[in-house]
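Heads up, the thing below is written out as structure tokens.
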Amino acid sequence: MKFNKVKRIIAAGVTLVMTACLITGCGADKTADLDTTVINIWTGDAHSKTVVQRLIDKFNETTGKEKKIKIEYTVQGNIGNVLEVSMNSNQGPELFASGGLQKYVENGWVKAIEDMPGGTEFLKNYNSDDLKSYQIDGKTYKVPFYVTTFGIMYNKDLFKEYGVVDENGEAKPPRTLDEFRETAKTLTHPDKMQYGLIVPLKGNDLVNSAVVYPAMASHGKFIYDPVDGKYDFSCIKDNMECMLGIKNDKSMFPSAESLDNDAARAQFAEGNIGMIFSGCYDYGVMTTQFHTDCDWGVAQIPVEDPSNAYMQRMASDGYLYINNNKVNDSNAEKIMEVYKWFQSDEMLEELYRAGVALPYNYEKFKDIELSEDMTQWKEYFDLLKTSHVIPEVMPFDLRGGKSYSEIIKQEVWTENISVDDAIDDLNRRYNEGVDVYFSNNPKYPKDHYVDKGWDISLNKN
Amino acid sequence: MKKTDASAAIRKKGFGRSERTKQTVVSYAMLSPLIIGFCVFTIYPILWAARLSLFSYDGIPSDTFFVGLQNYFNAFANDSTFWKTLLNSFIFMAIKIPIEMPLALIIAVLLNRKIKGRNLFRAVYYMPTIISMAIVGLVFSSMFGYYGVINNALMKIGIISEPIEWFADKGHAMITLVVASIWNSIGLNILYFLAAVQDVPQ
């Protein structure tokens, strides 16, 4: 009997605790008053969350209080999927950062900036050329904000240890593909677990970072030639052969098939690796996430012929969209107010100084002085001078056939087929795939994807 | 007589058709969350995906158009990865099952005996089953790494003179996958065999 009573008391207690938890979860924000408009912003930028949240807190305490605006900022993992679910159920934030411009516009999820109060005036701050990538049918849905530059991270200590230095005794990163292969060989000492290069083969780093995108710096085009509107994979030959050479020289960290990006960067941080292909997002990884045991620098992607080199690849995807379903007459101005603040040069400067975002406009921000310990961040920013976004490629339909990524990883890298055979096969199937696509349901005519003026030669600049 | 009395008692208390109907309704009401969940989260997505499989679809409405059975044709006729995946699955199954099943049976028979620490052994053999496959993958890819414990152990014993790149070729990678999978799932099979063996009279 006594035990039954105890059981009842315990059950009642557990029920009370669970109910309390449920009620807490349903609690409304009691700090926001009824006149304040809450603007929700979602991004997937975990790396800049701390900095952005600090700036938002400052906004909420100052301008926000004055204008009765409160920003609530959330970083979502897997933001693409989360947004799709929320948009399909007519929810989601007022502002969000993601890719997928065409999809969002056609589904009516995003609002054109021109259609917002003060939007047309706001867009006058940008070059019309800079806005082209974010426009559909003459309307603008995003504006450029930050970019991602790419280069080679190199271990200066290892370079100096094995004499890969210039006349001043400073580490000398390779500039040509031949130098790249030779340097990797020189730095490789398996008995000390030191390797010249590491490439995580689990993802698409081999294909994109090491072969396809770097080819743009040597040949001025990215597997797709926008001048004549054709796919041409011959540009990847030099880089592919260089990588195969490094693999056969055994200058690459072994068993890279099981390595993902983080594992590869962790190895570099340990100081055992000479070089790794990297993006500017690695700056935060190497300075905050991993304790880097070596002095490291950032260099340009090696090319076939430096006297005839081209701009290397950078990524630029604009930033915030405005959620069409959330805009109404009562909040449109406030949403635009937050949008302008978030996309402002002041915000961008703060993020740049904090080492979390590179501004898209080199000329505007080049004179900003960073702290002395941010050398590598400055090096990533300087790569902007010799970088360009990849051209919009002609759509294709391979009808289930293997993509270039699968061919390179599964056939060329394993040396089942030669590089030349792979190039011939890819050229034929991709250009046939273009014809298949255009025979079915083309969105735009072929001319849309042709740019006769495409010229990213470094000599031109 | 007793059966007749019982039937009469049941009829008297009104446990007739209406009561059976009531019980049926209550049973289905209790099952309904599961049935509704199954329909919403399993059946509907299958039907949605089946319908979408007849379209060329990349998420963009203007790029979506009906293609009939072309996607299936592409998968079977043009996509060699599909057949390779199927073949690899069969190879995996052909290697794993003949090793795991007999091993599980042997261990189950041993665990059925009265040995000291029997319960501890049973728990230990079952524990890998509750570990998520993602964690198992991470652990084993680390263990079978070039500088991992497996290579180190094999070199120390003298079986190999230099490390094996376990993930560099199909054969070695398949061995790694089979070992990891057997380690992860043998506990469940031991449990099944143990339950069966315990039913066998002494």
Side-chain angles (χ1 to χ4, degrees), chain A residues 80-81 83-84 87-88 99-109 136-137 190-191 193 195 198 201-202 247 250 252-260 262-263 266-267 270 272 395 397-403 405-407 409-411 413-416 429 433 436-437 440-444, chain B residues 45 48 53 55-85 88 134 137-152 155 161-174 176-177 180:
Chain A
N81 286 346
L83 275 168
E84 197 149 330
M87 292 301 184
N88 274 314
L101 174 64
Q102 189 76 38
K103 179 161 63 170
Y104 291 157
V105 170
E106 288 192 21
N107 281 307
W109 293 341
I136 290 184
D137 297 334
D191 50 321
M193 282 174 59
Y195 292 90
I198 189 167
L201 297 181
K202 220 175 192 178
K247 175 189 147 194
K250 297 194 190 298
M252 197 177 288
F253 188 85
S255 213
E257 289 82 3
S258 60
L259 282 179
D260 62 14
D262 274 339
Q267 286 288 345
E270 285 295 305
N272 300 332
D397 182 351
L398 293 178
R399 292 269 153 135
K402 283 189 177 181
S403 64
S405 174
E406 288 168 310
I407 292 287
K409 272 172 76 168
Q410 296 171 14
E411 308 293 342
W413 186 248
T414 53
E415 297 183 84
N416 284 342
R429 288 194 300 110
V436 169
Y437 173 85
N440 274 326
N441 193 40
K443 203 189 338 284
Y444 301 112
Chain B
W48 181 84
S53 70
F55 287 79
S56 172
Y57 174 73
D58 63 1
I60 299 173
S62 61
D63 276 351
T64 304
F65 56 95
F66 181 74
V67 292
L69 296 174
Q70 186 66 44
N71 288 330
Y72 293 97
F73 182 76
N74 290 344
F76 295 141
N78 296 339
D79 190 356
S80 58
T81 308
F82 172 77
W83 296 107
K84 222 185 252 183
T85 311
N88 286 338
L138 269 172
V139 168
F140 273 79
S141 58
S142 182
M143 282 171 57
F144 279 86
Y146 194 76
Y147 293 109
V149 293
I150 300 295
N151 275 339
N152 276 332
M155 276 166 54
S161 56
E162 59 178 39
I164 299 172
E165 289 197 48
W166 290 98
F167 298 103
D169 67 85
K170 187 174 169 179
H172 287 120
M174 188 61 78
T176 319
L177 288 173

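Proteins come first, then strands; the chains are lettered A, B, ... in the order of their sequence lines, and each starts at number 1.
- Remark: A:E415 pairs with A:L244, A:K247, A:N248 by the side-chain contact (heavy atoms from CB on, under 4.5 Å) rule, at least two apart or across chains.
- Of the two parts of B:K84, only the side chain, counted from C-beta on, holds a non-hydrogen atom closer than 4.5 Å to a non-hydrogen atom of chain A.
- Heavy-atom distances place the side chain of B:Y147, and not its backbone, under 4.5 Å from chain A.
- Between the side chain of A:E106 and the backbone N or O of B:I60, no donor-acceptor pair lies under 3.5 Å.
- Interface with chain A: from residues 73-81 of chain B, residues B:N74, B:N78, B:D79, B:S80, B:T81 qualify, criterion being any non-hydrogen pair under 4.5 Å.
- Here the CD-CG distance, from B:Q70 to A:N440, works out to 8.5 Å after rounding to the nearest 0.5 Å.
- Comparing A:K402, A:E406, A:M193, A:Q410 by heavy-atom pairs within less than 4.5 Å of chain B, the highest count is held by A:M193.
- When heavy atoms are compared at a cutoff of 4.5 Å, A:Y437 approaches chain B solely by way of its side chain, counted from C-beta outward.
- For B:D63, the parts lying under 4.5 angstrom from a heavy atom of chain A are both the backbone and the side chain.
- The two residues A:Q102 and B:S62 come nearest to each other via the heavy atoms NE2-OG, 4.3 Å.
- Atom-to-atom distance recorded for A:L259:CG and B:S141:OG is 9.0 Å, nearest 0.5 angstrom.
- Heavy atoms of other residues, nucleotides or ligands lying less than 6.0 angstrom from CG of A:D137 number 12 at most.
- Of the N and O atoms on the side chains of B:E165 and A:S255, not one donor lies less than 3.5 Å from an acceptor on the other residue.
- Taking the side chain as every heavy atom from C-beta outward, B:P61 and A:N107 approach each other to under 4.5 Å.
- Atom CG in B:L138 sits 8.0 Å away from atom CG in A:D260 (nearest 0.5 Å).
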